[in-house]
2 protein chains.
Amino acid sequence: MVTGVTNTEPRRRNRRGEGGKLRDEIIAAAVALLDEGGDERAVTLRSVARKAGIAAPSIYAHFADQPSIMLAVVQQEMDRLAVALREADENAGSDAEKRLFAVCNAYLDLAQAHPQRYRIMFGGLWTPSVDDTSISDADLESLGAEALTLLADVLRACVEAGIAHGSDDLYGDAVALWLGLHGLAHQRAVVRKMPGPADVAERLIKALAHLK
Amino acid sequence: MVTGVTNTEPRRRNRRGEGGKLRDEIIAAAVALLDEGGDERAVTLRSVARKAGIAAPSIYAHFADQPSIMLAVVQQEMDRLAVALREADENAGSDAEKRLFAVCNAYLDLAQAHPQRYRIMFGGLWTPSVDDTSISDADLESLGAEALTLLADVLRACVEAGIAHGSDDLYGDAVALWLGLHGLAHQRAVVRKMPGPADVAERLIKALAHLK
DNA sequence: AGCCATAAGCTAACGGCCGTAAGTCTAGGA
DNA sequence: TCCTAGACTTACGGCCGTTAGCTTATGGCT
């Protein structure tokens with residue numbers, strides 16, 4: 001596609017007090033660049049500015065530097081993911097197995113729907129200057145505290161429903177399950193054609209949830 | 001560490017007929033840059049040349065362009081990995097469970113020993129210009145054909161030894177097991193401090209191999 | 001021993017994109 | 001009216017990939 005050139009329309013300036021809107025437009029522009037199939041290298045200050053229809057230095061009013069944009073993107077997508085997982089769980093009713101597959105499939109679907117976003121979120125990189133406050137640790141624990149406890153809850157429900165073998169460490173099992181999902185999601189996001197049978201996801205989930 | 005500056009010693013030129021040696025030195029230099037903790041962006045034509053003690057254009061005698069260097073690195077490391085897995089299997093004796101853990105741990109250890117190399121191998125990216133002949137598909141099948149059949153063999157041995165529940169698709173199980181290993185290896189390579197218990201690897205392997 | 005063709009590698013330079021700093025314009029609202 | 005939020009223009013320096021042409025040491029040959 002290579003949409004380098006863009007909007008000749010000059011973009012109306014925001015009203016007074018609404019300057020903060022540009023911040024969201026910048027994030028959206030960065031996400032759009034990723035969704036066009038470009039990797040993180042395609043998200044430069046200047047390309048983001050072009051995409052958003054603004055001048056490059058205008059970004060500095062809202063972000064300290066380029067990595068900060070990526071950080072904001074990751075945080076936003078992390079939130080989206082957490083929300084999607086909770087939604088999937090709530091819409092799955094009370095059947096434990098349905099809940100399990102709903103949550104896991106929601107995770108896999110979101111990753112497959114936006115491969116580049118997923119790569120940014122969990123692929124490392126994008127953190128050249130933010131070495132100390134590296135988000136990978138902090139925000140993975142934030143998602144870890146949110147999504148992993150959700151996974152652990154679902155696993156517990158499965159055990160209590162008698163459809164899964166229990167364990168002395170459900171949180172550890174949740175981590176293992178997540179790692180399996182991550183392996184599949186990441187590989188799908190990277191190679192676009194996975195080797196192996198079509199039901200790998202089901203196999204992974206069943207095995208890691210210790211379904212009977 | 002930031003070792004930007006380097007060897008003032010001017011590097012003796014190769015003898016006649018041995019010009020090809022430089023090719024290996026270039027690959028080694030690229031790997032060294034990765035091992036220093038830099039991500040793939042640190043592997044530029046010029047930085048590789050500096051590391052190898054040569055002038056940047058000298059690379060063109062051995063590589064068509066910059067992505068070709070990364071491609072060579074990936075292929076070399078893929079081979080290393082395949083060899084390491086076979087070695088681990090052969091040194092594990094004939095006990096099926098020992099073989100299983102030996103192979104899986106060899107995979108995880110190699111990934112943890114060289115996180116950046118692992119990220120390059122399976123993290124996608126590094127292929128900006130090689131879109132059609134993208135190695136991710138071709139060489140993952142090469143490793144997929146090598147390492148995955150090895151995993152399937154070990155799984156079969158476990159089933160035949162009566163320590164694992166069988167399945168109608170051992171290759172599919174091998175893929176699932178590899179995906180779990182990959183998830184753990186990749187996550188370790190990226191965040192440097194994993195959440196969850198210390199025995200996650202064992203849990204993953206046991207669950208995905210369907211050990212009794 | 002000396003010659004000289006050639007492999008092996010170097011220097012110089014172009015154009016391009018990048019991040020960022022400094023200063024300037026302009027329209028909305030009190 | 002006129003202040004100021006919300007942008008823009010211009011510019012500097014740096015690293016990059018790549019091309020074109022030059023230098024130098026090596027080793028087979030006479």
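Chain identifiers are assigned alphabetically (A, B, ...) following the order of the sequence lines, protein sequences preceding nucleic acid strands; residue numbering begins at 1 within each chain. Keep in mind that what you see is a predicted model, and the values were worked out from it rather than measured.
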All side chain to side chain donor-acceptor pair (under 3.5 Å) counterparts of Arg46(A), not counting sequence neighbours: none
For Glu25(B), side chain to side chain donor-acceptor pair (under 3.5 Å) partners two or more places apart: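 With sequence neighbours excluded, Glu25(B) shows a side chain to side chain donor-acceptor pair (under 3.5 Å) to Arg11(B), given in chain and number order.
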Sidechain N-carboxylate O distance under 4.0 Å for Asp35(B), Arg117(B): yes
How many whole angstroms separate atom [atom1] of [X] from atom [atom2] of [N]?
X	N	atom1	atom2	value
Phe63(B)	dG9(C)	CZ	P	13 Å
His62(A)	dC8(D)	NE2	C1'	13 Å
Lys21(A)	dG6(D)	NZ	P	11 Å
Arg23(A)	dA7(D)	CZ	P	14 Å
Ile59(B)	dT11(C)	CD1	C1'	15 Å

Listed partners of His210(B) passing ring pair (Phe, Tyr, Trp, His ring centres under 6.0 Å), at least two apart: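 Applying ring pair (Phe, Tyr, Trp, His ring centres under 6.0 Å) to His210(B) gives none.
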Those residues that, when tested against His182(B), pass ring pair (Phe, Tyr, Trp, His ring centres under 6.0 Å) (two or more places apart): His186(A), Tyr118(B), Phe122(B), Trp178(B), His186(B)
Salt bridge (Lys or Arg N to Asp or Glu O under 4.0 Å) contacts in which one or both residues fall within residues 169-191 of chain B, not counting sequence neighbours: Arg203(A)-Asp169(B), Arg203(A)-Asp173(B)
Heavy-atom protein contacts under 4.0 Å, nucleotides 13-26 of chain D, coded B base, S sugar-phosphate only, - none: ---BBBB----BBB
